[in-house]
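What follows is a set of notes on a single structure, which appears directly below.
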Amino acid sequence: MVAFAGWSLPVQYRDSHVDSHLHTRRHCSLFDVSHMLQTKIYGCDRVKLMESLVVGDIAELRPNQGTLSLFTNEGGGILDDLIVTNTSEGHLYVVSNAGCWDKDLALMQDKVRELQNMGSDVGLEVVDNALLALQGPTVAQVLQAGVAGDLRKLSFMTSAVMEVFGVSGCRVTRCGYTGEDGVEISVPAAEAVHLATALLENPEVKLAGLAARDSLRLEAGLCLYGNDIDEHTTPVEGSLSWTLGKRRRAAMDFPGAAVIIPQLKGKVQRKRVGLMCEGAPMRAHSPILSTEGTVIGTVTSGCPSPCLKKNVAMGYVPFEYSRPGTRLLVEVRRKQQMAVVSKMPFVPTNYYTLK
């Protein structure tokens, strides 16, 4: 167990980190992600509030559809990444990072007060639920045994409230942070242990901790806030331009648009890239060098990939070094070794999309 953002979190359970990782890719793992901040934004002006803080097109979300978005500041920096779902119950359901809990909550509460003072109809409520993430290719068969509705109709980034293994009022969202098919289940806290126990009765399901979560999300090319993106990184630098809504780009009406939009059209100074290398694994803060030996960037996340049996990493390099196939050097334990800029995700993603 480790301390994180005021919580005590499991790094690994009985199984080794690598066993947990591979079990998730082949079967199904249960992660406790109750440390995440869950909020409801309600009122007629809920979309107006959200769009004043994030880069995405929230107005275009269909009922029960969600999107990954970013809180940005006026300098174009990323304050946090979050998932916003437009529920059919008349509120926005927002999940953001525990490490940014205080910052995110203050940001949203301040904006609620500001809009309320201008006569807008908007409010905010922190959801005191647990959050369980079930991830892996056998998720649907495991979960289907405990729900009445047909899970084939629930596609990636959509959400529905349902009874799960006898627990009513669970919000099941088809998403996750492993690159696999999966769901996140927001469950009343008093019922979390009951639900987890019911899921773990299926031999397909094993508990997995933070170590596996980290290596799985890295293989999937997904950012960890505070490592790969932060207040000094813009969405374009972070290779997250796809989060910028088309209408929002045209209107330039989100925080930092004056900085971010010109970066879409011109060359950005640096870019987040994938890296692969043989030899010792690359770790966060390892220097990235040109083949001439000049330091040009830094690794932000790195680990041995249990699936590929190679070392994978993400980091930032100047734009001219960002093309896949570019040869670079990384410094690991004061030794230089060859690395190659690689496309991400490193391991193909298996999200469940309706064909």
Side-chain angles (χ1 to χ4, degrees), residues 39 41 43-88 90-97 104 107-108 111 115 120 122 154-159 173-177 179 220-223 225 228-274 319 322-324 343-345 349 351-355:
T39 45
I41 311 282
C44 300
D45 296 308
R46 60 189 181 277
V47 170
K48 178 181 168 185
L49 174 129
M50 212 65 220
E51 289 197 348
S52 72
L53 300 173
V54 303
V55 300
D57 191 339
I58 308 305
E60 75 161 7
L61 291 174
R62 296 185 301 278
N64 294 324
Q65 184 186 16
T67 185
L68 179 79
S69 200
L70 307 168
F71 286 131
T72 46
N73 60 26
E74 289 304 331
I78 301 169
L79 295 169
D80 199 8
D81 57 328
L82 63 153
I83 289 180
V84 183
T85 300
N86 175 28
T87 75
S88 57
H91 64 267
L92 299 177
Y93 169 60
V94 181
V95 180
S96 55
N97 286 308
D104 291 352
L107 183 73
M108 291 186 283
K111 188 56 78 169
L115 289 181
S120 294
V122 70
L154 194 72
S155 62
F156 183 58
M157 294 307 280
T158 63
S159 179
T173 307
R174 202 141 194 177
C175 68
Y177 228 61
L222 300 168
C223 294
Y225 190 83
D228 310 298
I229 48 173
D230 57 28
E231 294 182 25
H232 307 291
T233 319
T234 70
V236 184
E237 290 171 336
S239 300
L240 294 168
S241 303
W242 59 271
T243 61
L244 304 166
K246 195 174 171 186
R247 173 178 61 83
R248 308 299 308 278
R249 294 181 191 205
M252 289 183 68
D253 61 351
F254 55 85
V259 175
I260 295 165
I261 297 300
Q263 289 184 347
L264 287 170
K265 295 168 182 161
K267 264 193 185 172
V268 71
Q269 297 271 285
R270 58 182 196 132
K271 243 168 126 120
R272 174 174 67 98
V273 297
F319 185 80
S322 64
R323 186 186 293 274
K343 282 185 177 173
M344 292 188 285
T349 53
Y351 305 125
Y352 176 73
T353 51
L354 294 175
K355 299 292 180 281

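Starting from 1, each residue takes its place in the sequence as its number.
- Contact annotation: the side chain of Leu240 approaches that of Arg272 to within less than 4.5 Å [non-hydrogen atoms, C-beta and beyond].
- In this structure, Arg249 contributes its side chain and Lys246 its backbone to no donor-acceptor pair below 3.5 Å.
- Contact between Ala59 and Glu51 at its shortest, heavy atoms only, is N-OE2, 3.0 Å.
- The distance from atom CG of Asp104 to atom OH of Tyr225, rounded to the nearest 0.5 Å, is 8.5 Å.
- Using a distance-only test at 3.5 Å, with no hydrogens or angles considered, a donor-acceptor pair links the side chain of Tyr177 to the main chain of Cys223.
- In terms of heavy-atom proximity, Met344 sits nearest to Gly274 at CE-N, 3.6 Å.
- Here Gln65 contributes atom CD and Ser155 contributes atom OG; the two are 8.0 Å apart, rounded to the nearest 0.5 Å.
- Of the inter-residue distances, the one linking Leu61 atom CG with Ser159 atom OG reads 11.5 Å to the nearest 0.5 angstrom.
- To the nearest 0.5 angstrom, Leu154 atom CG is 6.0 Å from Arg174 atom CZ.
- In this structure, Arg62 CZ and Thr158 OG1 are separated by 9.0 Å, a value rounded to the nearest 0.5 Å.
- Using a 4.5 Å heavy-atom threshold, the side chains of Met50 and Ile41 count as touching.
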Show me the donor-acceptor pairs within less than 3.5 Å that the side chains of residues 69-80 make with the rest of the protein, sequence neighbours left out.
{"unit_1": "Ser69", "atom_1": "OG", "unit_2": "Gly56", "atom_2": "N", "d": "3.2"}
{"unit_1": "Thr72", "atom_1": "OG1", "unit_2": "Pro255", "atom_2": "O", "d": "2.7"}
{"unit_1": "Asn73", "atom_1": "OD1", "unit_2": "Gly75", "atom_2": "N", "d": "3.0"}
{"unit_1": "Asn73", "atom_1": "OD1", "unit_2": "Gly76", "atom_2": "N", "d": "3.1"}
{"unit_1": "Asn73", "atom_1": "OD1", "unit_2": "Gly77", "atom_2": "N", "d": "2.8"}
{"unit_1": "Asp80", "atom_1": "OD1", "unit_2": "Asn97", "atom_2": "ND2", "d": "2.6"}
{"unit_1": "Asp80", "atom_1": "OD2", "unit_2": "Asn97", "atom_2": "N", "d": "3.2"}

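- Using a 4.5 Å heavy-atom cutoff, the side chains of Thr85 and Leu92 are not in contact.
- In this structure the side chain of Thr233 reaches within 4.5 angstrom of the side chain of Arg270, judged on heavy atoms.
- Considering OG1 of Thr39 and CE of Met108, their distance stands at 3.5 Å, rounded to 0.5 Å.
- In this structure the side chain of Cys175 reaches within 4.5 angstrom of the side chain of Ile83, judged on heavy atoms.
- Taking all atoms of both residues into account, the shortest heavy-atom contact from Pro345 to Ala220 is CB-O, 3.4 Å.
- Asp57 places a side-chain N or O within donor-acceptor distance of the main-chain N or O of Glu60, the cut-off being under 3.5 Å.
- Heavy atoms from other residues, nucleotides or ligands lying under 6.0 Å from CZ of Arg247 number more than 12.
- Listed by chain and residue number, Arg248 satisfy the salt bridge (charged side-chain N to carboxylate O under 4.0 Å, His left out) test with Asp253 (two or more places apart in sequence, or in another chain).
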Can you give the donor-acceptor pairs under 3.5 Å from side chains of residues 256-269 to other protein atoms, not counting sequence neighbours?
{"unit_1": "Gln263", "atom_1": "OE1", "unit_2": "Thr234", "atom_2": "OG1", "d": "2.6"}

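- Across Val54, Thr67, Leu68, a single residue satisfies side-chain contact (heavy atoms from CB on, under 4.5 Å) together with Leu82, and that is Val54.
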